[in-house]
Structure formats: structure tokens, C-alpha cells
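Read the structure below first, then the notes.
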Amino acid sequence: MDFSGKVSIVTGASQGIGEAIALDLAKNGAETILVDIQKQKLDMVTGKIKDKGGKAFAFEADVTDTAQITSLMEKLVQDHGAIHHLVNNAGITRDSLLMRMKEEEWDSVLEVNLKGVFNFSRALIRHMIRNRYGRIVNISSVVGLTGNPGQTNYSASKAGVLGFTKSLAREVASRGITVNAIAPGFIATAMTENLPEEIQKQFLSVIPVGRFGTPNEVAQTVRFLLSEEASYITGQVININGGMFM
Ligand code: NAP
């Protein structure tokens with residue numbers, strides 16, 4: 001797949017799945033714009049891309065800050081002329097049983113995981129409609145489909161992303177824009193490595209493939225959904241979970 005001439009935005013791009021997506025898109029020729037809340041980590045990733053001759057730009061921003069994201073997107077459209085791809089990947093967990101969950105834990109997860117998707121998508125959708133072209137991929141989660149004890153906030157946010165994806169896909173399909181979601185299962189990243197060994201073992205026991213997924217395995221599917229080859233795929237949820245949920 002050749003993404004030369006294409007401009008891609010990836011949120012939460014300084015580590016884990018977002019980093020893998022950004023590296024993969026840049027490797028395939030896209031001008032890649034990386035957004036994350038911590039500039040230092042972002043600069044390390046853009047450094048890796050530039051070392052390999054790729055084009056990367058880093059922006060420190062909080063996906064929950066509507067005003068900041070709106071003006072950043074205006075600037076990026078002006079600077080780059082066109083934005084073709086948006087990958088809404090930034091996400092957090094604040095796990096707790098509902099009876100102990102603090103309001104702040106509920107609000108912060110919904111703000112980052114769901115409002116962040118709204119902020120970026122709304123800020124770019126007029127531009128994509130004008131261009132009659134766009135590809136949006138939202139990173140949801142298997143627990144948005146199955147639920148998970150201790151994750152009412154996270155599951156609700158990720159199920160919300162699926163509803164958002166399907167509704168927006170219907171709104172913009174006739175304008176050459178596709179909107180899809182990926183629902184990863186257990187992917188080995190910082191988000192999952194801190195889970196107690198017991199919980200990791202429990203997850204492993206219900207994954208038919210018998211191992212955790214890698215960030216690259218998610219990145220490769222994102223690349224496909226952003227490509228010309230995927231132009232007839234919209235409003236879909238692609239599961240990448242080693243068979244954990246079928
Ligand atoms: P990760 O390693 O924690 O990376 C998430 C990135 O998002 C981090 O760099 C984080 O920055 C950034 N971020 C958090 N809040 C932000 C904000 N307000 N504004 C901008 N950036 C922000 O997580 P991951 O495992 O790669 O997960 C990536 C996505 O996949 C998430 O949406 C996650 O829910 C989803 N997912 C992951 C798994 C899995 O098994 N790993 C499974 C299903 C779905 P800081 O580190 O500085 O906070």
C-alpha cells in the first residue's frame with residue numbers, strides 16, 4: 001500500500017498501539033501527524049520516523065480540550081492543504097467496580113475515550129466533506145461489545161464509540177468518507193502490562209489463538225481500512241482478538 005501524498009492524523013501516538021499505527025503509516029509513505037498529551041514521548045516517536053526518512057509532525061494536545069483541538073485541526077488543514085486519514089486511538093482506563101467508582105473516574109474515561117473521538121471527528125468532517133474524501137478509524141475495544149466487570153466506565157465509552165462510528169458512517173458515506181471501528185482484544189502494551197499476573201492468565205485462557213496480540217497486528221488492519229482497497233467498507237467493527245470474542 002502506498003500512502004504517498006496522503007496526510008494522516010493519529011491520536012495517542014506516543015506509545016503502544018498509536019505509536020505502531022504512526023510508524024506503519026509513515027513507513028508506507030504517509031505524512032504522519034502525531035498527537036498526544038506528552039511531547040517528550042512524542043518526539044521520540046517522530047525521531048524514529050524521521051531517522052527512517054519518513055515525514056512526521058508532533059503536536060502536544062489533550063484530546064478532551066474541544067477549543068484546543070478545533071484550532072489545532074484548523075491549523076493542520078491550513079498547513080497541509082488536506083487531511084485524508086484520522087485515527088482516533090487515544091484512550092485511558094480507570095478501572096473500579098461500579099459501587100466504588102468515583103465520579104472523576106467515570107468522567108475522565110468518557111471524556112478521553114468518547115469526547116476525544118467527537119472532538120477530532122467534528123473538527124475535520126467539514127473539511128473531508130468538502131474534499132469528498134476521508135477515512136476515519138476509531139479504536140474501540142472488545143469490552144465495548146462484551147462488557148467487563150470493573151470497567152463500566154471503559155466499556156460504556158467503547159460501546160459509545162461503536163454507536164458514534166455507525167451513525168457518522170451513515171451521515172457521510174455518500175461523500176466518499178468511510179468511518180470504521182476496530183475492537184482489539186488483549187494487546188500487549190503499557191495499558192495491559194500492569195494488570196496483575198492472575199488477570200493476564202485469565203485472559204490468556206480464553207484466547208483461542210493462545211497469545212496476546214501485538215500493536216503491529218492492529219496497525220496493519222488500520223492501514224487496510226485507510227486504503228483505497230477498503231473504500232466499500234464503512235460502519236463496520238473489525239475484531240482483532242485472537243478469537244476471544246466471535
Ligand atoms: P497506551 O499505551 O496507554 O497509549 C494510549 C496513549 O494515549 C498514551 O500515549 C496516552 O498518553 C495517550 N492519551 C491518554 N489520554 C490522552 C489525552 N487526554 N490526550 C491525548 N493523548 C492521551 O494504550 P494502548 O494499549 O496503546 O491503547 C490504545 C487504544 O487502544 C486505546 O484507545 C485503548 O482503549 C485501545 N485498546 C487497547 C487494548 C489493549 O489491550 N492494549 C485493547 C482494546 C482497546 P499518557 O500515557 O501520557 O497518558
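In listed order, ligands and their atoms are each counted from 1. Remember, it's a predicted structure, so these values are computed and weren't measured experimentally.
- Checking Thr11 against Asn89 by side-chain atom types alone, no donor-acceptor pair falls below 3.5 Å.
- For atom 21 (N) of ligand 1, the candidate residues are Val87, Ile139, Ile37, Asn119; the nearest heavy-atom contact is made by Ile37.
- The closest protein non-hydrogen atom to atom 28 (C) of ligand 1 is Asn89 OD1, 3.2 Å.
- Atom 22 (C) of ligand 1 has Ala90 CB, 3.9 Å as its closest protein atom, hydrogens excluded (heavy atom only).
- Between Met101 and Asn153 the shortest side-chain heavy-atom distance falls below 4.5 Å.
- For atom 45 (P) of ligand 1, the closest non-hydrogen atom of the protein is Lys41 NZ, 3.6 Å.
- Ligand 1 has an N or O atom lying under 3.5 Å from an N or O atom of Lys158, backbone or side chain.
- Remark: ligand 1 atoms within the under-4.0 Å shell around heavy atoms of Ser14 are 9 (O).
- Within 6.0 Å of the NZ atom in Lys27, the count of heavy atoms belonging to other residues, nucleotides or ligands does not exceed 12.
- Counting protein heavy atoms only, atom 44 (C) of ligand 1 is closest to Ser140 O, 3.1 Å.
- Placement of Phe57 and Val77 within a single hydrophobic cluster is found when ILVMFWY residues are connected by side-chain heavy-atom separations under 4.5 Å, directly or transitively.
- By the criterion of side-chain heavy atoms lying less than 4.5 angstrom apart, applied directly or through intervening Ile, Leu, Val, Met, Phe, Trp or Tyr residues, Phe212 is not grouped with Ile21; the two fall into different hydrophobic clusters.
- No heavy atom of Glu19 sits closer than 4.0 Å to any atom of ligand 1.
- Pairing each heavy atom of His80 with each of Glu31, the nearest pair is ND1-OE1, 2.8 Å.
- Between Thr32 and Lys55, the closest side-chain pair of non-hydrogen atoms is not below 4.5 Å.
- For atom 10 (C) of ligand 1, the nearest protein heavy atom (residue, atom name, distance) is Asp36 OD1, 3.8 Å.
- A single hydrophobic cluster is seen to contain both Ile69 and Ile33, as judged by linkage of ILVMFWY side chains at heavy-atom distances under 4.5 Å, directly or through other members.
- Between Val35 and Ile9, the closest side-chain pair of non-hydrogen atoms falls below 4.5 Å.
- Per-residue contacts place Thr192 under 4.0 angstrom from the following atoms of ligand 1 (heavy atoms of the residue considered): 39 (C), 40 (O), 41 (N).
- Which parts of ligand 1 touch Gly12 is read off a 4.0 Å heavy-atom cut-off, strictly below it: atoms 6 (C), 7 (O), 12 (C).
- Inclusion of Ile17 in the set of residues having an N or O under 3.5 Å from an N or O of ligand 1 is warranted.
- Of all the atoms in ligand 1, the ones that sit under 4.0 Å from a non-hydrogen atom of Thr189 are 24 (P), 25 (O), 26 (O), 41 (N).
- Side-chain polar atoms of Thr66 and Asn119 form a donor-acceptor pair below 3.5 angstrom.
- In terms of protein heavy-atom proximity, atom 5 (C) of ligand 1 is nearest to Gly91 O, 3.8 Å.
- Met128 and Leu25 are assigned to two separate hydrophobic clusters, defined by single-linkage of ILVMFWY side chains at heavy-atom distances under 4.5 Å.
- Between Ala61 and ligand 1 there is a heavy-atom distance shorter than 4.0 Å.
- Defined by atom type and a distance below 3.5 Å, a donor-acceptor pair is present between the side-chain atoms of Asp2 and Ser4.
- Of all atoms in ligand 1, numbered sequentially from 1 with element shown, those under 4.0 Å from a heavy atom of Phe186 are 40 (O).
- Scanning the protein for heavy atoms near atom 43 (C) of ligand 1, the closest one is Pro184 O, 3.3 Å.
- Contact annotation: Pro215 has no heavy atom less than 4.0 Å from any atom of ligand 1.
- The cationic group of Lys6 lies under 6.0 Å from the six-membered ring centre of Tyr133 and within 45° of the ring axis, placing it in a cation-pi geometry.
- Ligand 1 has an N or O atom lying under 3.5 Å from an N or O atom of Val63, backbone or side chain.
- A donor and an acceptor atom, one from each side chain of Thr234 and Asn180, are nowhere located under 3.5 Å apart.
- Considering backbone and side-chain atoms alike, Ile187 places an N or O below 3.5 Å from some N or O of ligand 1.
- The heavy atom nearest to atom 4 (O) of ligand 1, out of those in Gln15, Gln38, Glu193, is found in Gln15.
- Near Ile92, the atoms of ligand 1 lying under 4.0 angstrom from a non-hydrogen atom of the residue are 14 (C), 15 (N).
- The ligand atoms of ligand 1 that sit less than 4.0 angstrom from a heavy atom of Asp62 are 17 (C), 18 (N), 19 (N).
- Heavy-atom proximity to atom 16 (C) of ligand 1, evaluated over Leu34, Val112, Val35, Ile69, is greatest for Val112.
- Under a 4.0 angstrom heavy-atom cut-off, Glu111 registers as lying outside contact with ligand 1.
- Counting only heavy atoms from C-beta outward, the side chains of Leu34 and Ile49 approach each other to under 4.5 Å.
- The shortest side-chain heavy-atom distance between Asp36 and Glu60 does not fall under the 4.5 Å cut-off.
- At a 4.0 Å cut-off, at least one heavy atom of Gly185 sits close enough to ligand 1 to count as contact.
- Using a 4.0 Å cutoff on heavy atoms, Phe212 does not count as a contact of ligand 1.
- For ligand 1, the atoms closer than 4.0 angstrom to any heavy atom of Tyr154 are 33 (C), 34 (O), 35 (C), 36 (N), 43 (C), 44 (C).
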